[in-house]
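Report on the structure given below.
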Amino acid sequence: MTTRKNSQTTVFLPITQNKTKKVILAALFAALAYVSIQSLHVAIFAPIGAPFFHVGNAVVALAALYLGFGYGTFSGAIGLAIFDIINGYAVEMPIVFLGNVLVALTIQIVYKALQQVFSDKLWLVTIAVSSGVLVKLLTDFLKGLIRALVAGASLEPAAAAAFTSLLATAINGIGTIILVTLLYLPLKTILTKFVK
C-alpha cells in the first residue's frame, strides 16, 4: 500500500492502482491463504468443533493491508473458503467466510483511520490487526454459540462451551499479530518494488 500526502491528510492507497495487477495479487493471496492453511495446521482441543492453529489468518490480514477495500477484503477470505470446501467444512464455510470478510474490513478501517493521523507506522499495523483479531474472537464465539444451540444445548451451557472454544482463536490471533507485524514491512518493500 502506498500513501498520497496532500497538505492536510494522508490517503490510504493499495500497493497498485492497476486493476490487472490487483486481480493477480488477489489471486496470489487467495492461493497463499489456501496453501498456508492446507499445508500447516495443528489441531487444538476445543469442546465445540475441531479448531486448529494455522497461518491463513495472517494472509487474510496482509491481503487486507496491501490490496485495500474490495480485492483485499475478499482475496484471503476466498482462499480460506476454498480450504473449507475441499476439507469437509462446507457447511460452516459461509459463516467463516463472512467472519473473515469482517476481519479484513475491520483491519482496513482501523488502519486507514489511524494512518490519516499518524502516517504509515508499523505499530499501526499491529493495532489494526489486533482489532481484526478481536472481531475474529467475537465471530468465532457467535459461531460456536449458534452451533451449540442448534445441537440442542440451552443458552448458558452453549455460551460456556463457545467461550472455552475461543482458546484456539486466541492462539491463532496471537500468531497472526506476530506474523503480520514481522512480515508487513519486508513484503511491502518487495511488493512496492516489483508490482508497480
Side-chain angles (χ1 to χ4, degrees), residues 1-34 36-37 54-81 96-142 166 169-196:
M1 132 194 39
T2 59
T3 57
R4 182 189 309 139
K5 295 184 180 181
N6 59 30
S7 59
Q8 297 185 358
T9 62
T10 302
V11 181
F12 173 85
L13 294 174
I15 288 288
T16 182
Q17 295 300 313
N18 182 297
K19 287 187 180 184
T20 303
K21 290 180 181 179
K22 278 186 182 181
V23 169
I24 292 168
L25 284 173
L28 175 67
F29 276 106
L32 284 173
Y34 170 75
S36 65
I37 192 171
H54 63 91
V55 296
N57 292 328
V59 178
V60 170
L62 288 168
L65 289 164
Y66 294 141
L67 298 178
F69 294 104
Y71 294 98
T73 301
F74 293 100
S75 61
I78 287 170
L80 297 185
V96 173
F97 179 79
L98 179 60
N100 285 321
V101 167
L102 291 173
V103 166
L105 285 172
T106 301
I107 290 169
Q108 293 166 21
I109 290 167
V110 170
Y111 185 81
K112 181 178 179 180
L114 291 173
Q115 187 191 40
Q116 290 177 346
V117 177
F118 298 105
S119 191
D120 194 17
K121 308 286 186 203
L122 185 58
W123 62 269
L124 301 181
V125 170
T126 304
I127 291 174
V129 174
S130 297
S131 68
V133 168
L134 291 175
V135 169
K136 183 72 171 168
L137 284 165
L138 177 63
T139 59
D140 280 6
F141 173 77
L142 291 174
L166 291 180
T169 304
I171 291 169
N172 278 319
I174 292 167
T176 297
I177 293 166
I178 292 168
L179 278 172
V180 173
T181 302
L182 291 174
L183 294 174
Y184 176 76
L185 287 177
L187 287 178
K188 180 181 176 185
T189 302
I190 292 167
L191 288 173
T192 303
K193 181 176 180 180
F194 292 106
V195 172
K196 287 278 184 179

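Given the structure is predicted, the values throughout are model-derived calculations rather than measurements.
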Any heavy-atom pair between the side chains of [Y] and [X] that's under 4.5 Å?
X: Leu102; Y: Lys136; result: no
X: Tyr71; Y: Leu25; result: no
X: Ile78; Y: Phe97; result: yes
X: Val180; Y: Leu65; result: yes

So which atom in [X] and which in [Y] form the shortest heavy-atom distance, rounded to 0.1 Å?
X: Ala77; Y: Val60; result: N-CG2, 4.0 Å
X: Ala33; Y: Gly76; result: CB-O, 3.5 Å
X: Ser75; Y: Leu67; result: OG-CD1, 3.9 Å
X: Gln108; Y: Gly68; result: NE2-O, 3.3 Å
X: Gln115; Y: Leu124; result: CA-CD1, 3.8 Å
X: Leu166; Y: Leu137; result: CD2-O, 3.5 Å

Nearest 0.5 angstrom please: [X] [atom1] to [Y] [atom2], how far?
X: Ile24; Y: Phe29; atom1: CD1; atom2: CZ; result: 13.0 Å
X: Asn100; Y: Leu105; atom1: CG; atom2: CG; result: 11.0 Å
X: Thr20; Y: Lys22; atom1: OG1; atom2: NZ; result: 11.0 Å
X: Leu185; Y: Leu122; atom1: CG; atom2: CG; result: 5.0 Å

- Scan Val55, Leu62, Val59 and name whichever one has a side chain to side chain contact (heavy atoms under 4.5 Å, CB included) with Leu179.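 Of the listed residues Val55, Leu62, Val59, the side chain to side chain contact (heavy atoms under 4.5 Å, CB included) partner of Leu179 is Val55.
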
- Message: Ring-plane angle category for Tyr66 and Tyr184, please: parallel below 30°, perpendicular beyond 60°, tilted otherwise.
- Response: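 Aromatic pair Tyr66/Tyr184 classed parallel.
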
Compile the donor-acceptor pairs under 3.5 Å between side chains in residues 169-177 and protein atoms, sequence neighbours left out, one pair per line.
| from | atom 1 | to | atom 2 | distance (Å) |
| --- | --- | --- | --- | --- |
| Thr169 | OG1 | Asp140 | OD2 | 2.6 |
| Asn172 | OD1 | His54 | N | 2.8 |
| Asn172 | ND2 | Phe52 | O | 2.9 |
| Asn172 | ND2 | Ala168 | O | 3.3 |
| Thr176 | OG1 | Asn172 | O | 2.8 |

Distance-only criterion, 3.5 Å: show the donor-acceptor pairs between side-chain atoms of residues 125-132 and protein atoms not counting sequence neighbours.
| from | atom 1 | to | atom 2 | distance (Å) |
| --- | --- | --- | --- | --- |
| Thr126 | OG1 | Thr181 | OG1 | 3.0 |
| Ser130 | OG | Thr126 | O | 2.7 |
| Ser131 | OG | Ala128 | O | 2.5 |

- Task: Can you sort out the partners of Asn57 under side-chain hydrogen bond (donor to acceptor under 3.5 Å, both in side chains), two or more places apart, ordered by chain and number?
- Result: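 Here no residue qualifies.
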
